[in-house]
Amino acid sequence: MISGAEHVVVLGGAGFLGSHVCERLLADGHRVTCVDSLLTGSLDNVAALLEQPGFRFVEHDVTRPLAEWPDLPAPDSILHLASPASPPDYLRLPLQTLRAGAIGTENALDLATRHGARFLLTSTSEVYGDPLEHPQSESYWGNVNPIGPRSVYDEAKRYAEALTLAYHREHGTDVAVARVFNTYGPRMRVDDGRMIPTFVSQALTNAPLTVAGDGGQTRSVCYVDDTVSGLLALWRSDLVGPVNIGNPTELTVLALAERIRAATHSTSEITFVPGAVDDPRRRCPDITLARTALGWEPRTDLTEGLRRTLEWFTRVVPTTPSTSAPERRRLTENAHGQ
Ligand code: NAD
Ligand code: UDP
């Protein structure tokens, strides 16, 4: 059980989710070493943290031995978020994604075992593949195509879970596994290709919203602050897991596109594009375990989460002649209560 101030190593800490984790840990009084190769992340995400005395950034690829770091203070905990996570990212980086889940996870587990540190793996709802059970609880084993294009991510995470549990059983390593469902919020890359940043940037520039397939597939999206609270509640606990961390409010991709279009007062059309190979048809977490064992559940509804997300995207989406930045700000400010 984590109680006092710790030295926490956050692998993948310059990414979308990792940068919010680093920020929260620092705010809670911990020292943070952020390790990132900047493969899909950016130093901009942690620029504000570089000024803080408890924060250190190390540029390093976790698929190389972590012992290569100079003068690394002993970690009390290691949170492993280092992996491409957006489908377009992992589809263009298949081998690096497999290596981050396999070699990266083993390097991190070795370091945790050597220092007696608590290790937390950010696994994913993708371990359930295109699920045959709905909603998905942790006891469901999943339905993953092991040789399809998405397998580089899904199987890397499934292997990472297996490796984490094997270290726990064989070496007694203190581990936890979080299965994170779709998370959104500020600092997602505008071009990262996931549905929310794509729809938001399209809506803000009045470009067509590209809904894949018939848009009837579902996702359950969780605002980043809630996901971070869930991850840190699991980290602070003695639980091994796996534990689902996600928002159980399910909606279709088409409905989400329409919500974003309305919230931005956009004139964008909705256009249907070919669906992705092996795209899961339904996805919704059963969070009974997180609720009962961690006392955690999401607190931010979609209206509020989108409002905060739009505030951020309005500042970073490149200006087009049709919608200037001040105009977009005015429009998204009007989105309160949508
Ligand atoms: P992201 O791409 O923004 O962040 C991943 C970070 O890991 C980036 O900063 C990247 O540079 C870094 N990285 C990748 N490979 C690395 C390597 N070999 N060595 C060092 N750093 C490396 O993605 P994200 O959405 O922030 O996801 C973070 C983690 O959470 C991932 O492990 C992902 O699988 C998991 N996750 C995220 C979601 C989500 O909806 N955001 C859902 C499920 C699981
Ligand atoms: N999607 C879409 N248009 C886009 C990007 C994604 O319709 O421009 C769909 C995608 O095919 C999937 C859903 O949105 O059905 C969620 O995709 P995302 O990449 O956000 O995450 P996933 O849950 O697939 O990892």
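Scope of the values below: all heavy atoms of this structure, side chains included, with no hydrogens, waters or symmetry mates. Remember, it's 1-based here, ligands and their atoms both numbered in the order they're listed. Positions are given from 1 along the sequence.
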I need the contact type for S123 against ligand 1. Using non-hydrogen atoms and a strict under-4.0 Å cut-off, is it side chain, backbone, both or neither? backbone
Any N/O of G41 closer than 3.5 Å to an N/O of ligand 1? yes
Is a side-chain donor-acceptor pair under 3.5 Å present for R187 with S42? no
N/O to N/O below 3.5 Å, does that happen between T63 and ligand 1? no
Counting heavy atoms under 4.0 Å, the part of E126 that contacts ligand 1 is neither
Does a side-chain heavy-atom distance below 4.5 Å link C34 with V58? no
Is the backbone N or O of V127 less than 3.5 Å from a side-chain atom of R158, with the two atoms forming a donor-acceptor pair by type? yes
Just go through V62, V46, L38, V35 and tell me whose heavy atom is the nearest to atom 19 (N) of ligand 1. V62
Give yes if a backbone or side-chain nitrogen or oxygen of R194 is under 3.5 Å from a nitrogen or oxygen of ligand 1, and no if not. yes
N or O contact, D36 vs ligand 1, cut-off under 3.5 Å: yes
Side chain to side chain donor-acceptor pair (under 3.5 Å) between S220 and N247, intermediate numbers included: CA-CA 6 Å; S220 307; N247 189 320; over 6 Å; no
Looking only at distance, does A100 have an N or O less than 3.5 Å from an N or O of ligand 1? no
Contact (N/O only, under 3.5 Å) between H80 and ligand 1: no
For ligand 2, run through the N/O pairs with the protein that fall under 3.5 Å and put one pair on each line.
| from | atom 1 | to | atom 2 | distance (Å) |
| --- | --- | --- | --- | --- |
| ligand 2 | 3 (N) | T210 | O | 2.6 |
| ligand 2 | 7 (O) | A212 | N | 2.7 |
| ligand 2 | 8 (O) | T210 | O | 3.3 |
| ligand 2 | 8 (O) | T210 | OG1 | 3.1 |
| ligand 2 | 11 (O) | D279 | OD2 | 3.1 |
| ligand 2 | 15 (O) | Q217 | NE2 | 2.9 |
| ligand 2 | 15 (O) | D279 | OD1 | 3.2 |
| ligand 2 | 15 (O) | D279 | OD2 | 2.6 |
| ligand 2 | 20 (O) | M195 | N | 2.8 |
| ligand 2 | 21 (O) | N182 | ND2 | 3.4 |
| ligand 2 | 23 (O) | N182 | ND2 | 2.8 |
| ligand 2 | 23 (O) | R219 | NE | 2.6 |
| ligand 2 | 23 (O) | R283 | NH1 | 2.7 |
| ligand 2 | 24 (O) | R150 | NH2 | 3.0 |
| ligand 2 | 24 (O) | R219 | NH2 | 3.2 |

So, regarding S37 and ligand 1 (criterion: nitrogen or oxygen to nitrogen or oxygen, under 3.5 Å), is there a contact or not? yes
Measuring from non-hydrogen atoms of M188 to any atom of ligand 1, is the shortest distance under 4.0 Å? no
